[in-house]
**Q** 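Mind looking over this structure? Questions follow.
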Amino acid sequence: MSNEQITLTAGTAEATLHPANGGRLTGLRIAGTELLRQGERYGCFPMVPWCGRTRDGRFRDGAAVHQLPLNSPPHAIHGTARNAPWATARVTPTEAVLTYDLSEPWPYPGRVTQVVTLAEDSLTLAMAVETYGSSFPAQIGWHPWFHRSLDGSEVSLDFAPAWQEERGEDHLPTGNRVEPRPGPWDDCFGMPEGVDVTLTWPGRLALTVASRERWVVVYDEQEEAVCVEPQTGPPNGLNTLPRLVTPLEPLEATTTWTWRPA
């Protein structure tokens, strides 16, 4: 694995990326404070060409049924790109452009482009999936691991979803929409006006995760971190709510994190 690391800076903000490790954002520091968990599960990785779990690793495209590796048995989880090296296309002091070519075990050829842009008070992540041939279903999302505590200040989450996807025993949506329930969560929520979730570390920082997409998974069952994951569809979406990548229309999504003192 290449050790290339990219560092972006804007004011007191610094973001680092490791292209060879799944195009992962490895760190985000604001005035010297690291917001993203480090260690085994760390940073923020792109979920592509699917998000969350795909039931039994299988999805149907027309008459064809495709089998994906069961990397979270009995399901396939979080796409293929997070375990693959990405190429660096362009870097400036405040922006990096990374690319990843879809290949086996994903059955369709295509290219993913991720653009990471840092400003003094925000970070924007944009991703696009293009096809080299036929159309195919896909999903885009991001999986950040935010520290639960910053210098002893415990995070709180503020968001107002329109519904919660009912979660079955297999951790996949049942297809029913229910009233949002209190956490802890490993759950998908619907926000039809766009994802808008604020994490606040009292006395330290408030950070808002925003996206035009309608879906967000919130995971806060770990002691050390919380995850707020905007994405283009719910878990198992390759089967239940596919978004098509076509020769004329790539699949595109963006999320912006904006911070301010709390």
Side-chain angles (χ1 to χ4, degrees), residues 1 3-48 51-52 77-79 81-83 86 91 94-96 98 114-127 140-159 184-186 195 197-211 216-231 253-262:
M1 180 184 296
N3 290 323
E4 176 196 12
Q5 181 170 281
I6 296 169
T7 300
L8 309 178
T9 57
T12 63
E14 180 182 277
T16 54
L17 298 101
H18 190 179
N21 187 6
R24 185 185 299 258
L25 181 71
T26 55
L28 176 63
R29 284 171 290 280
I30 311 300
T33 297
E34 177 61 67
L35 303 189
L36 296 175
R37 180 183 175 183
Q38 305 297 295
E40 181 182 355
R41 298 181 176 183
Y42 73 101
C44 172
F45 61 84
M47 297 185 291
V48 64
C51 304
I77 196 169
H78 294 335
R82 66 175 178 141
N83 296 318
W86 292 52
V91 177
T94 59
E95 184 177 86
L98 308 179
Q114 180 178 216
V115 182
V116 181
T117 306
L118 183 67
E120 292 187 10
D121 64 349
S122 66
L123 178 82
T124 298
L125 301 165
M127 196 158 30
I140 291 172
W142 289 272
H143 192 304
W145 294 92
F146 292 108
H147 278 302
R148 182 179 291 274
S149 174
L150 292 182
D151 300 326
S153 180
E154 291 288 314
V155 73
S156 63
L157 293 176
D158 181 27
F159 66 120
W185 298 297
D186 182 10
V195 172
V197 181
T198 297
L199 301 91
T200 301
W201 295 267
R204 297 289 299 160
L205 197 75
L207 181 145
T208 297
V209 176
S211 174
V216 63
V217 168
V218 178
Y219 175 52
D220 69 345
E221 294 182 347
Q222 288 203 353
E223 292 185 4
E224 295 183 15
V226 297
C227 305
V228 177
E229 309 162 31
Q231 50 195 62
T254 301
T255 182
T256 298
W257 308 347
T258 305
W259 51 81
R260 65 185 186 278

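The first residue in the sequence is number 1, and the count goes up from there. Quick note: numbers below take in every heavy atom, side chains included, and nothing from hydrogens, waters or symmetry partners.
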**Q** Would you say T200 and D158 make side-chain contact, with heavy atoms under 4.5 Å?
**A**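 Result no, sub-4.5 Å side-chain heavy-atom pair not found.
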**Q** Could you pull out the closest heavy-atom pair between W259 and E120, with the gap in Å?
**A**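 Distance-wise, the nearest heavy atoms are NE1-O, 3.2 Å.
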**Q** What pairs meet the ring-ring contact (aromatic ring centres under 6.0 Å, His included) rule with one or both residues in residues 23-45, with sequence neighbours excluded?
**A**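 Those involving residues 23-45 are F45-H78, F45-H143.
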**Q** Find out whether W257 and L125 are in side-chain contact, i.e. whether some heavy atom of one side chain is under 4.5 Å from a heavy atom of the other.
**A**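 Yes, their side chains come closer than 4.5 Å.
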**Q** Just by modelled atom types, is the E154 backbone N or O under 3.5 Å from a matching donor or acceptor in the S149 side chain?
**A**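 No, the answer is negative, given that no donor and acceptor are paired below the 3.5 Å cut-off.
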**Q** When rounded to the nearest 0.5 angstrom, what is the spacing between NE2 in H18 and CD in E4?
**A**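 Answer for the NE2-CD pair, H18 versus E4, is 8.0 Å.
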**Q** Which pair of non-hydrogen atoms, one from Q38 and one from G27, has the smallest distance, and what is that distance?
**A**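 The pair with the smallest heavy-atom distance is NE2-CA, 4.3 Å.
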**Q** Quick check: closest heavy atoms across R148 and Q222, and the distance to 0.1 Å?
**A**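 Minimum heavy-atom separation between R148 and Q222: NH2-O, 2.5 Å.
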**Q** F146 and side-chain contact (heavy atoms from CB on, under 4.5 Å): which partner among L207, L157, V155, L28?
**A**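 Of all the options given, the one that passes is L207.
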**Q** State the CZ-CG distance between R204 and L35, to the nearest 0.5 angstrom.
**A**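 These two atoms lie 9.0 Å from each other.
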**Q** Specify the closest pair of heavy atoms between S211 and T254, including all atoms of both residues, with the distance to one decimal.
**A**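 Looks like OG-O, 2.8 Å.
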**Q** Can you see which heavy atom on R37 is nearest to which on A225, and at what distance?
**A**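 So the minimum-distance heavy-atom pair works out to CD-CB, 3.8 Å.
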**Q** Would you call V195 and T255 a side-chain contact if the rule is heavy atoms closer than 4.5 Å?
**A**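 Of all side-chain heavy-atom pairs linking T255 with V195, none is under 4.5 Å.
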**Q** What's the shortest heavy-atom distance between L123 and A15, and which atoms?
**A**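 The pair with the smallest heavy-atom distance is CD1-CB, 4.3 Å.
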**Q** For S153 and P202, indicate whether the former's side chain and the latter's backbone hold a donor-acceptor pair under 3.5 Å.
**A**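 Judged by distance alone, yes, a pair lies under 3.5 Å.
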**Q** Is there a donor-acceptor contact under 3.5 Å linking the side chains of Q114 and W142?
**A**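 Yes - a donor-acceptor pair under 3.5 Å links their side chains.
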**Q** Quick one: are F159 and V228 in side-chain contact, heavy atoms under 4.5 Å?
**A**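 Contact flag for F159/V228 side chains = no.
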**Q** Within a strict 4.5 Å, meaning less than it, do heavy atoms of the D121 and R260 side chains meet?
**A**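 Heavy-atom side-chain distance check fails, nothing below 4.5 Å.
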**Q** So, taking the atom named CG in L205 and the one named NE2 in H147, what distance separates them when rounded to the nearest 0.5 Å?
**A**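 Output value for this atom pair is 12.5 Å.
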**Q** Do side-chain atoms of W86 reach the backbone of G22 as a donor and acceptor pair under 3.5 angstrom?
**A**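 Such a contact is found between W86 side chain and G22 backbone.
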**Q** To the nearest 0.5 Å, what is the distance between OH (Y219) and CG (D186)?
**A**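 Taking OH in Y219 and CG in D186, the distance rounds to 6.0 Å.
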**Q** Are L8 and T94 packed together at the side-chain level, in the sense that at least one heavy-atom pair is separated by less than 4.5 angstrom?
**A**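 A side-chain contact under 4.5 Å is absent here.
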**Q** Indicate whether any N or O donor in one side chain lies under 3.5 Å from an N or O acceptor in the other, for T26 and T16.
**A**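 Yes, side-chain donor-acceptor contact under 3.5 Å.
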**Q** Without hydrogens or angle criteria, can the side chains of T124 and T256 be said to hold a donor-acceptor pair below 3.5 Å?
**A**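 Result is yes, a qualifying pair exists.
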**Q** Examine distances only and state if a side-chain atom of D220 and a backbone atom of W185 form a donor-acceptor pair shorter than 3.5 Å.
**A**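 Checked: pair present.
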**Q** Any donor-acceptor pair under 3.5 Å linking the side-chain atoms of T9 with those of E14?
**A**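 Looking only at side-chain atoms, T9 and E14 do not form any donor-acceptor pair under 3.5 Å.
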